[in-house]
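Both counts, for ligands and for their atoms, begin at 1 and track the order of listing. All residue numbers refer to positions in the sequence shown, counting from 1.
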Amino acid sequence: MATSCECKIGPSILAADLSMLGTECQRLMECGADYLHLDVMDGHFVPNITFGHPVVKCLRPKVPGVFFDMHMMVAKPEQWVEGMTDAGANQFTFHVEATDDVIGCIRKIKEAGMKVGLGVKPGTPVSALVPYIELIDMALVMTVEPGFGGQKFMSDMMPKVQYLRQRYQDLDIEVDGGVGPSNIDVVAEAGANMIVSGTAVTGSDEPRAVINRLKQSVEEALQKARLER
Ligand SMILES: O=C(CO)[C@@H](O)[C@H](O)COP(=O)(O)O
Ligand SMILES: [Fe+2]
């Protein structure tokens with residue numbers, strides 16, 4: 001299905017050396033990343049904890065101008081909107097399962113000047129995003145149970161991506177979890193254009209080559225879809 005969306009590769013820094021977060025982020029951008037995917041976990045929505053807006057505020061000046069996609073794996077995400085926008089975040093991606101007031105959270109994010117991402121966990125049907133699709137900038141399809149990097153890619157989530165791409169040709173669709181060179185072709189074929197990859201990139205001796213491989217696959221799939229239009 002053709003789309004006007006561009007291919008964007010956004011490495012997750014979750015599996016990187018977090019004691020060197022600033023230099024790790026700089027290195028990923030030097031290796032050809034298009035944006036950075038920063039995984040925020042609160043120990044409530046997911047059984048793990050990472051970092052919050054105070055860390056993001058310190059990180060911001062280390063990689064000026066780089067798009068920060070905040071993956072908010074937190075309960076009641078609306079409570080963190082102000083802190084994240086003050087810290088310099090660009091996109092606030094929260095989970096549809098995490099709040100009773102999705103519309104209110106979307107409104108708060110937009111009023112704070114950030115882009116809106118809305119995600120579904122593997123157990124949530126993609127139809128849960130449909131009521132909000134016209135209000136968001138990006139849809140996130142999780143291909144692992146959120147909370148940890150280095151998990152196995154769930155290929156049975158690809159019909160969710162196909163469902164979205166067939167109906168919303170110009171929507172940014174992000175896939176996150178276990179993505180790497182071994183499965184990028186099915187992710188790209190399904191229609192995703194924003195690719196999060198953590199372990200496959202930060203765990204590689206050649207992150208630039210991995211990012212290039214991911215980019216090549218998505219760009220080929222986008223080009224093929226445009227020709228089929
Ligand atoms: O949000 C998450 C995990 O909850 C992801 O962003 C992972 O951190 C991606 O890492 P890999 O699965 O690619 O190692
Ligand atoms: Fe993530």
Side-chain angles (χ1 to χ4, degrees), residues 8-18 21 24-25 28 31 33-52 55-56 59 66-75 77 80 84 89-98 114-124 129 136-158 160-161 172-188 192-207 209-211 213-215 217-218:
K8 290 173 256 189
I9 308 300
S12 155
I13 47 83
L14 185 64
D17 177 353
L18 296 181
L21 187 54
E24 288 284 275
C25 288
L28 288 169
C31 289
D34 296 297
Y35 67 101
L36 293 174
H37 179 86
L38 305 177
D39 287 307
V40 178
M41 301 179 189
D42 66 354
H44 296 282
F45 184 70
V46 293
N48 199 359
I49 293 179
T50 55
F51 51 81
V55 170
V56 178
L59 180 61
V66 172
F67 190 87
F68 281 1
D69 168 33
M70 305 310 305
H71 183 187
M72 303 300 290
M73 289 166 276
V74 298
W80 304 117
M84 280 301 171
N90 302 98
Q91 177 162 286
F92 190 100
T93 301
F94 68 104
H95 279 264
V96 70
E97 307 94 343
M114 294 184 285
K115 284 188 169 247
V116 181
L118 189 59
V120 283
K121 299 199 298 187
T124 304
L129 297 180
I136 64 176
D137 297 287
M138 184 198 84
L140 161 63
V141 174
M142 289 303 291
T143 45
V144 295
E145 196 60 37
F148 300 91
Q151 300 179 78
K152 188 172 178 323
F153 173 77
M154 298 167 73
S155 57
D156 55 343
M157 294 295 119
M158 291 303 97
K160 292 184 181 180
V161 177
D172 274 335
I173 301 172
E174 186 177 62
V175 167
D176 179 15
V179 179
S182 65
N183 53 46
I184 185 62
D185 292 341
V186 296
V187 174
N193 68 295
M194 290 182 75
I195 306 300
V196 176
S197 181
T199 311
V201 173
T202 57
S204 166
D205 294 336
E206 297 188 39
V210 174
I211 290 171
R213 173 71 183 85
L214 302 178
K215 207 168 270 193
S217 179
V218 173

**Prompt:** Just wondering, more than 12 heavy atoms not from Glu145 lying within 6.0 Å of its CD?
**Reply:** yes
**Request:** Look up atom NE2 in His44 and atom CE in Met73, then write down how far apart they are to the nearest 0.5 Å.
**Result:** 14.5 Å
**Prompt:** Could Asp172 and Lys8 be called an ion pair, given the rule that one side-chain N must be under 4.0 Å from one carboxylate O?
**Reply:** yes
**Item:** Near the Fe ion (ligand 2) (under 2.8 Å) - protein N, O or S atoms
**Value:** His37 NE2, Asp39 OD1, His71 ND1, Asp176 OD2
**Request:** Give me the one residue out of Lys152, Gln151, Met157 that meets side chain to side chain contact (heavy atoms under 4.5 Å, CB included) with Thr143.
**Result:** Met157
**Asked** Is there a donor-acceptor contact under 3.5 Å linking the side chains of Asn183 and Ser155?
**Response** no
**Student check: side-chain heavy atoms of Phe51 and Val56 closer than 4.5 Å** = yes
**Message:** Rounded to the nearest 0.5 Å, what separates atom CD1 in Ile13 from atom CG in Leu36?
**Reply:** 8.0 Å
**Asked** Between the side chains of Asp39 and His37, does any donor sit under 3.5 Å from an acceptor?
**Response** yes
**Complete:** Less than 4.0 Å from some atom of ligand 1, heavy atoms are found in residues Ser12, Leu14, His37, Asp39, Met41, His71, Met73, Met142, Pro146, Gly147, Phe148, Gly149, Gly150, Asp176, Gly177, Gly178, Val196, Ser197, Gly198, Thr199
**Asked** Going by the angle between their ring planes, with limits at 30° and 60°, are Phe45 and His95 parallel, tilted or perpendicular?
**Response** tilted
